[in-house]
There are 2 protein chains.
Amino acid sequence: MRKAAGARVHRGVGVALWRQVADGIRSAIAAGIADGQGRLPSEVDLASRFGVNRHTVRAAIQALAQEGVLAAEQGRGTYVRRQRKLVYPIGARTRFSAGFDGQARTTSVELLDHGEEAAPGVVAEALGFAPGSRLPRVETLGKADGVAVSRATHWFAGGRFRKVAATIGRTGSITRALAAVGIRDYVRASTLVEASHADVGDTQVLGLSPGAIVLVTRALNHDPAGAPIQYSVSRFPADRVELII
Amino acid sequence: MRKAAGARVHRGVGVALWRQVADGIRSAIAAGIADGQGRLPSEVDLASRFGVNRHTVRAAIQALAQEGVLAAEQGRGTYVRRQRKLVYPIGARTRFSAGFDGQARTTSVELLDHGEEAAPGVVAEALGFAPGSRLPRVETLGKADGVAVSRATHWFAGGRFRKVAATIGRTGSITRALAAVGIRDYVRASTLVEASHADVGDTQVLGLSPGAIVLVTRALNHDPAGAPIQYSVSRFPADRVELII
DNA sequence: CTGAATGGTCTATTGATCTAGACAACTGAA
DNA sequence: TTCAGTTGTCTAGATCAATAGACCATTCAG
């Protein structure tokens, strides 16, 4: 039998111990390390569980407090503030707005940027264009209860989609924007999932600390006839969102 | 317009710069930073792209060389050794052995450990048992061309599956092991995907460096009648594998 | 009110990480 | 052969990360 939860820490691998402890605490919360009132074990206790100095634990807690996960209260203890991950469903008929229904009181899609640019090779190809073709591109930010939960780049299959960007900005819905150009229905043909570290854009737009993990999905949407419409690359903060298929 | 590829580096966030650069190079390789011969830009060039000292780039390259991703050759340059990620399909009828067909010459499933233990609450519940029930548990290691690509824990719905472990060890196939206890067919009812840092077991079993990222899937398999059979938690190294749905 | 338990602050020391610069060793093309 | 371009090695200093210990401030149960 191993020591309770705790998961010891790795030294000399390029990840600071306080960050490993922070990640460890985050996942220990999910595994139920906090008591009924959401109170964490004391700093001294955590330090011995992770096999590090108390000051290192404090650094980890500070980082998590800044993220809004924990709140420390002198004399009382450290408490969990935000706990549950949102679950984002992926299926043939996924719509962002419907995705978080019942999990968040409010959801929104904001338009960050748009334009017409040379699409990356894989994207152009998937949409049926020659590599390097200039295609409409839209950047969006998804929020649930005011917290950023996704950052996506959408590429559209040709100039007739030029005005979707404006419509997304107005209505906050991609589905409605596509309806406005005559696409009444669409289905998701395939989705690729990978994971990587947050890049500079993620840290800024999603408010992540660098070193955080993002789930990346690449999806291709077809119209009912099977013609490609839209290719989307979405980035979800792995500490706030998980995907269900 | 931003500087070419490169993706600058974040300071003071608990991840050593050499590790960030190593991760950055790995993803830049996927994005095509190497030339036709698989040759990387020079160390001086990389240093200026990432905005760090040449010695920091060297530390990153050393780490990647140890992983088998790169090989440096004095006087000539640094070359890519391993590049393509494997693509693991997730669908209603996913079978591990078939998953990497066409991508790897050989695939195998090894039995690491097995026994009968108290299943975690969510697992027992999903399989239709009371929390804390003792259920058969099997740990497997999946390999493609001799490289570890997945590490999974399978829980089975009750004692009649006790002998699947032995059969998996003999045949290297979960499908065949289930057939041996009378399950001719099964389908995947749902899959949850999340991402996290590698834990101690991952670093040992999958040969990862701590701080690496793993994709975690939680899948529930039903028999054709809809009765739960098996709950599997699989861990894939995110630098070697991506998932397609 | 008292005292144990808890988080908050400070100082000091050690080792890891990052930068900087100089030069050696090797490769391949001119 | 020569030389520009590359990786390999060494030294030195600056900054960050981690440990250690001491003590303060706050909370809450007895």
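Below, chains carry the letters A, B, ... as their sequence lines are ordered, and counting in each starts from 1.
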K.L.:
Quick one: what's the B/S/- string for nucleotides 20-30 of chain D, heavy-atom cutoff under 4.0 Å, read 5' to 3'?
P.N.:
BB---BBSS--
K.L.:
Between CG of A:L215 and CD1 of B:I213, what distance do you get to the nearest 0.5 Å?
P.N.:
9.5 Å
K.L.:
Would you say a side-chain N or O of A:T56 is under 4.0 Å from OP1 or OP2 of D:dA17?
P.N.:
no
K.L.:
Let's go through B:L220 and B:L127 carefully: what are the C-alpha distance in whole Å and the side-chain angles of both, what is the deciding distance for side-chain contact (heavy atoms from CB on, under 4.5 Å) to 0.1 Å, and is it a yes or a no?
P.N.:
CA-CA 8 Å; B:L220 178 64; B:L127 291 174; 3.9 Å; yes
K.L.:
With a 4.0 Å cut-off on heavy atoms, is A:V44 in touch with a base, just the backbone sugar-phosphate, or nothing at all?
P.N.:
nothing
K.L.:
Between the side chain of B:D202 and the main-chain N/O of B:L206, is any donor-acceptor distance below 3.5 Å?
P.N.:
no
K.L.:
Carefully, step by step, assess B:R137 and B:D113 under the rule side-chain contact (heavy atoms from CB on, under 4.5 Å).
P.N.:
CA-CA 8 Å; B:R137 196 214 61 207; B:D113 186 22; 2.9 Å; yes
K.L.:
What's the separation between atom CZ in A:F50 and atom OG1 in A:T56, rounded to the nearest 0.5 Å?
P.N.:
11.5 Å
K.L.:
Rounding to a whole Å, what distance do you find between A:L40:CG and C:dG7:P?
P.N.:
9 Å
K.L.:
Using OP1 and OP2 only, check whether a side-chain N or O of B:T78 sits under 4.0 Å from D:dT7.
P.N.:
yes
K.L.:
Count the heavy atoms belonging to other residues, nucleotides or ligands that lie under 6.0 Å from CD of B:E125, then report whether that count exceeds 12.
P.N.:
no
K.L.:
Would you mind reading off the distance between A:Q62 atom CD and D:dA18 atom C1', rounded to a whole angstrom?
P.N.:
15 Å
K.L.:
As a quick check of understanding, evaluate side-chain contact (heavy atoms from CB on, under 4.5 Å) for A:L17 and A:Q20, giving each step before the final call.
P.N.:
CA-CA 5 Å; A:L17 299 189; A:Q20 295 185 50; 3.8 Å; yes
K.L.:
Mapping B:P41 and A:A16 to their closest nucleotides on DNA chain D, which lands nearer the 5' end?
P.N.:
B:P41
K.L.:
Check DNA chain D for consecutive Watson-Crick or G-U pairs with both distances under 3.5 Å and list the runs of at least three as stems.
P.N.:
C:1-30 with D:1-30
K.L.:
Atom CZ of B:R39 to atom C1' of D:dT7: distance rounded to whole Å?
P.N.:
10 Å
K.L.:
Tell me whether the OP1 or OP2 atom of C:dG8 has a side-chain N or O from A:R58 closer than 4.0 Å.
P.N.:
yes
K.L.:
Is B:V80 close to B:L70 at the side-chain level, that is, under 4.5 Å between some pair of heavy atoms?
P.N.:
yes
K.L.:
Could you state the CG-C1' distance from A:L17 to C:dT14, rounded to the nearest angstrom?
P.N.:
14 Å
K.L.:
Are B:I33 and B:R49 packed together at the side-chain level, in the sense that at least one heavy-atom pair is separated by less than 4.5 angstrom?
P.N.:
yes
K.L.:
B:Y79 OH to D:dT7 P: how many Å, rounded?
P.N.:
9 Å
